[in-house]
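In what follows, a structure is listed as structure tokens, so that the remarks can point back to it.
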Amino acid sequence: QQTMMNNNIEVLTNASSFSFEELIHVAQRDNNSKRQFLLVNGKQGKHLPTDATQTLALFEQLGELAKRFYDRRQTVVIGFAETATAIGAAVAQVLGAKTVYLQTTRETLKDSINLLDFQEEHSHAVNQRLYCCQPQRWLAEAEVILLVEDEISTGQTILNLVAELRKLPYLRKQVQFAVLSLVNGLNEASLSKLSAAGIMCHYLLKLAYDSAWNPYPDLIAESTMMPLLEEKPSFVYKEIAGKVNSRSGCVIGVYHEAVLNLAQTVKAYLLQAPIPETILVLGTEELMYPAIITAQLLQNTLKATVKTHATTRSPIKISSQTADYPIINGCHLTSLYDPLRTTFVYNLTAYEQVVILFDSDEDSQKGLEELADCLHQFGCRQILALRWVTT
């Protein structure tokens, strides 16, 4: 199967059940000189609102691909922050409840073991960390370490992380490294580098494109809005206990169970009032998997149209006037995780009910107020902000 998009993206393989057009939208990065464009996945539940059932179906197809190669082998799955945290969790879940799941993070954890730091060089947020609360147990037993990404374009981040992991003294010498991604855009030279480093590549979509391509040379970007308000929508803040922190590593079955309990608690709260017809479950930065699972549960059990996506650290240009351009509106916000960090939320519309899920240890009041104002500007009526806490 080969498709050309604007003669600039060639689809070499699509092993997913979704069409290229459903999955891949091209947007313009904002203030990133390393690459002009960004591939925005229409089913990933990050930048664009999605149907959670389809999102999980896509992630599970990637998980089944991993299972074909690594079933019955002691596997540690590492999902990359920010955008692949949910993909990694879903892949680990497909591999079995006892699979160890770690995720990289850009946050600082106060009471966990920082295994290593590495660089994601092409990103807007370069520094990444990997924590693990039981490294010598989990990593020493690993036969396979599976790195999960939404897209790999150069492979350099993978090489950087694997080089650091190989320095760990308790890792098996013969451990197999593999990278699993929704999209693989590596050229021959990059593929050869990974191969030479002993890293296998698996993917659903194989694309070929010129990384110097500028898809929208004449794009007139619109501003990310900050709201002007007359009245506030109804706003409820609650804390829900039972958090399992995937940033410090977890057994996926335990994490998934905790996420399902969170989803059931959200549902129970919504059932106290007339069921809204439209619901958005909004994840925040690295906390995506709980939002996607919650949205799926609500969609399956309530008579409502439910969407999910998440806030992001990616600055993307906005245009509502450019044909087929994917990012049509947005707000810039103070992060709920760091008052000095700017985050964004894109493609909002009016929902009767918005559920914001976050798990920050910081004081998030300023960020929450800005996010609530932003949602209100787009006509959202009721906002439920839920902080997921350990106890």
Side-chain angles (χ1 to χ4, degrees), residues 44-47 76-89 92 100-135 138-139 147-150 157 160-161 164-165 239-252 254-255 258-259 262 282-293 309-315 332-345 356-368 370-371 385-391:
Q44 196 180 330
K46 184 58 174 172
H47 304 102
V76 170
V77 175
I78 302 177
F80 275 84
E82 176 186 273
T83 45
T85 53
I87 310 170
V100 170
Y101 177 57
L102 310 178
Q103 63 157 89
T104 70
T105 181
R106 295 183 176 122
E107 309 301 343
T108 304
L109 303 191
K110 296 180 181 68
D111 45 8
S112 195
I113 299 164
N114 184 5
L115 282 188
L116 49 91
D117 299 281
F118 66 101
Q119 300 260 303
E120 186 177 5
E121 290 159 19
H122 64 278
S123 175
H124 47 275
V126 171
N127 296 316
Q128 292 248 30
R129 299 183 183 93
L130 184 68
Y131 293 90
C132 183
C133 55
Q134 300 190 48
W138 288 341
L139 286 165
L147 310 171
V148 179
E149 269 284 31
D150 54 333
T157 310
N160 292 349
L161 176 55
E164 293 302 319
L165 283 166
E239 292 188 354
I240 296 181
K243 169 181 156 180
V244 170
N245 193 354
S246 56
R247 295 181 191 87
S248 55
C250 54
V251 174
I252 194 62
V254 175
Y255 180 59
V259 170
L262 171 68
L282 189 67
T284 45
E285 299 181 44
E286 295 172 5
L287 194 78
M288 292 175 60
Y289 189 66
I292 293 166
I293 294 292
H309 57 125
T311 64
T312 173
R313 292 171 69 160
S314 294
H332 67 269
L333 310 158
T334 301
S335 167
L336 303 189
Y337 294 83
D338 177 352
L340 301 178
R341 181 190 305 160
T342 298
T343 58
F344 306 89
V345 60
I356 302 165
L357 294 181
F358 68 110
D359 67 341
S360 162
D361 297 329
E362 305 300 315
D363 171 23
S364 307
Q365 187 175 351
K366 183 166 187 265
L368 271 180
E370 288 178 14
L371 182 50
L386 296 176
R387 187 200 294 262
W388 199 25
V389 295
T390 312
T391 50

Would you say that Val77 contacts Val148 through its side chain, given a criterion of any heavy-atom pair below 4.5 Å between the two side chains? yes
Please tell me if the side chains of Leu368 and Phe358 come closer than 4.5 Å, counting only heavy atoms from C-beta onward. yes
Is there a side-chain contact between Arg129 and Thr108 in this structure, where contact means two heavy atoms from C-beta onward sitting under 4.5 Å apart? yes
Does any donor atom in the side chain of Glu285 or Ser335 lie under 3.5 Å from an acceptor atom in the other side chain? yes
Tyr337 side chain to Ser364 side chain, donor-acceptor N/O pair below 3.5 angstrom: no
Side chain proximity check, Asn127 to Asp117, heavy atoms < 4.5 angstrom: no
Do Thr312 and Glu82 have a side chain donor and acceptor closer than 3.5 Å? yes
Distance alone, cut at 3.5 Å: any donor-acceptor contact between the side chains of Gln103 and Thr85? no
Residues passing the side chain to side chain contact (heavy atoms under 4.5 Å, CB included) test with Val244, sequence neighbours excluded, are Cys250, Val254, Tyr255, Ala258
Identify the heavy atoms of Leu116 and Leu161 that sit nearest to each other, and give their distance. CD1-CD1, 3.4 Å
Looking only at atom types and distance, does a side-chain atom of Gln44 sit under 3.5 Å from a main-chain N or O of Thr83, one as donor and one as acceptor? yes
Min side-chain heavy-atom separation Tyr101-Val251 under 4.5 Å: no
Are any non-hydrogen side-chain atoms of Leu357 and Thr284 less than 4.5 angstrom apart? no
So, do Thr343 and Leu371 sit near enough that their side-chain heavy atoms are less than 4.5 Å apart? no
